[in-house]
2 protein chains.
Amino acid sequence: MSVTNQEASRPATLPRLPEELLASTSFLLKRLGFAAKYQALTAYERSGLNPYHHAVLAVLDEGSRETQGAIADALGYDRGQLVGLLDELEEQKLVQRRRDPADRRRHTVQLTPDGKRTLAKLRATAKRLDDELLATLDESERAQLHALLVKLAQQHLPHCTPGAPNTPPPAARH
Amino acid sequence: MSVTNQEASRPATLPRLPEELLASTSFLLKRLGFAAKYQALTAYERSGLNPYHHAVLAVLDEGSRETQGAIADALGYDRGQLVGLLDELEEQKLVQRRRDPADRRRHTVQLTPDGKRTLAKLRATAKRLDDELLATLDESERAQLHALLVKLAQQHLPHCTPGAPNTPPPAARH
DNA sequence: TATTGTTATACTCTATAACTATA
DNA sequence: TATAGTTATAGAGTATAACAATA
């Protein structure tokens, strides 16, 4: 299995995905989504954070959803899952938890100045990932693709548009 | 958290994904890919099979990649992972393993008539999944989306096009 | 009694590598 | 020694539910 095989010796045995799978948009979406996740995980690794952390910081930066429940709901994360993420963010001093005096069951979460700075870096990472992903598309194709995905998201992802609470998939992966 | 909150009482606390994530094509791809995977798993469930089984049957139906190694390589599956899938397919009499007399280390795998029939059903399921996924897009948009995803696949998925063996992500998920 | 955040448990997936039989 | 297929083990990731504090 070293040389040959790519060429003509066993031409039909090339490791090629079946046509019927490549013809399925759903299949491509699954594989590309997985590849994107893998790329993202790798890219965020160096910062000691992951895309989930970025998502949490992004919610906080928009303000107005600062209790843990609201953050989890906005992102579709399980609340138990969020606890660990916040622990890690707090340990790096990127966010701060405070008990809500009005309802002492609640925790209020805020971005710290460090958190803001880190968020800026994570945005740059995300931008780079998008650029790498879309490298072979021109501007118009990128816009087209994004618009089409937004349309699908409105139909299939919870919290993407007012109207539709659809069958919720389990927790969520960034 | 029962009534109100959706309306005007706490308008800013809606469980809505942050804009900066929705603006990322990579993010949408990840979420939609995950949703598609979830939908597919659910849809295949009734048949006692899953999308991985479908993929294996699809490879076999194209002929010419009939040893376990070739199947695994075509789909990007780990060979250990494939063993279990084939066990399950063989138990349902959808495929048959035979030892290759020319090289007794190898197993040759064939579709049975039942396997062919089942594959036809799985194709119908896959078709339905695609239709549901793309329900809100018209024919032209569907074609556009698929073409764009194929372009990304050629760049980012192994085995999608001759030329480029790119950094291989771990095993693979349907 | 219900809810917020937390912790613990169990289960699924997957990555790795040991193992066998053949070459 | 290397390869095809198999099996076993360990680790990560995730779903579930129990729990303590507060309402």
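Every chain is numbered from 1 and lettered A, B, ... according to where its sequence line falls, protein lines coming before strand lines.
Within the structure, salt bridge (Lys or Arg N to Asp or Glu O under 4.0 Å) pairs that include any residue of residues 53-63 of chain A comprise A:D61-A:K116, A:D61-A:R123, A:E62-A:R65 (at least two apart or interchain).
Residues satisfying the salt bridge (Lys or Arg N to Asp or Glu O under 4.0 Å) criterion with B:D100, sequence neighbours excluded, are absent altogether. Every residue was checked against the salt bridge (Lys or Arg N to Asp or Glu O under 4.0 Å) condition with A:R104, not counting sequence neighbours, and none meets it. Among residues two or more places apart in sequence or in another chain, the salt bridge (Lys or Arg N to Asp or Glu O under 4.0 Å) test is passed with A:K121 by none.
Atom CZ in B:R106 sits about 8 Å away from atom C1' in D:dT3, given to the nearest Å. A straight line from CG of B:D73 to C1' of D:dG5 spans 13 Å, rounded to a whole angstrom. Between B:L82 atom CG and C:dC13 atom C1' the separation is 16 Å, expressed in whole Å. Atom CG in A:L85 sits about 14 Å away from atom P in C:dG5, given to the nearest Å. Between B:E88 atom CD and C:dT12 atom P there is a gap of 13 Å when expressed in whole angstrom units. Following rounding to the nearest Å, A:I71 (CD1) and C:dT4 (C1') show an atom-to-atom distance of 13 Å. Rounded to whole angstrom, the span from the NZ atom of B:K37 across to the P atom of D:dT14 amounts to 10 Å. Rounded to an integer number of Å, the gap from A:D87 CG to C:dT6 P is 7 Å.
Of the options A:L94, A:L111, A:V95, a side-chain contact (heavy atoms from CB on, under 4.5 Å) to A:T118 is made by A:L94 and by none of the others.
Distance check, rounded to the nearest 0.5 Å: OG1 of B:T108 to CZ of B:R99 gives 10.5 Å. In this structure, B:K30 NZ and A:Q39 CD are separated by 10.5 Å, a value rounded to the nearest 0.5 Å.
Residues of residues 40-50 of chain B having a heavy atom closer than 4.0 Å to DNA chain D: none are found.
Checking the phosphate oxygens (OP1, OP2) of D:dT14, a side-chain nitrogen or oxygen of A:Y52 falls inside 4.0 Å. Taking 4.0 angstrom as the limit, B:Q81 places none of its side-chain polar atoms (N or O) nearer than this to OP1 or OP2 of D:dT6. Residue A:R79 places no side-chain N or O under 4.0 Å from the OP1 or OP2 atom of C:dT6.
Contact record, A:A40 with A:L129: CA-CD1, 3.6 Å, taken as the closest heavy-atom pair.
Using a 4.0 Å cut-off between a side-chain N of Lys or Arg and a carboxylate O of Asp or Glu, A:R117 and A:D114 qualify as a salt bridge.
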In 5'-to-3' order, the base (B), backbone-only (S) or no-contact (-) status of each nucleotide in nucleotides 17-23 of chain C, using a 4.0 angstrom heavy-atom cut-off, is -----BS
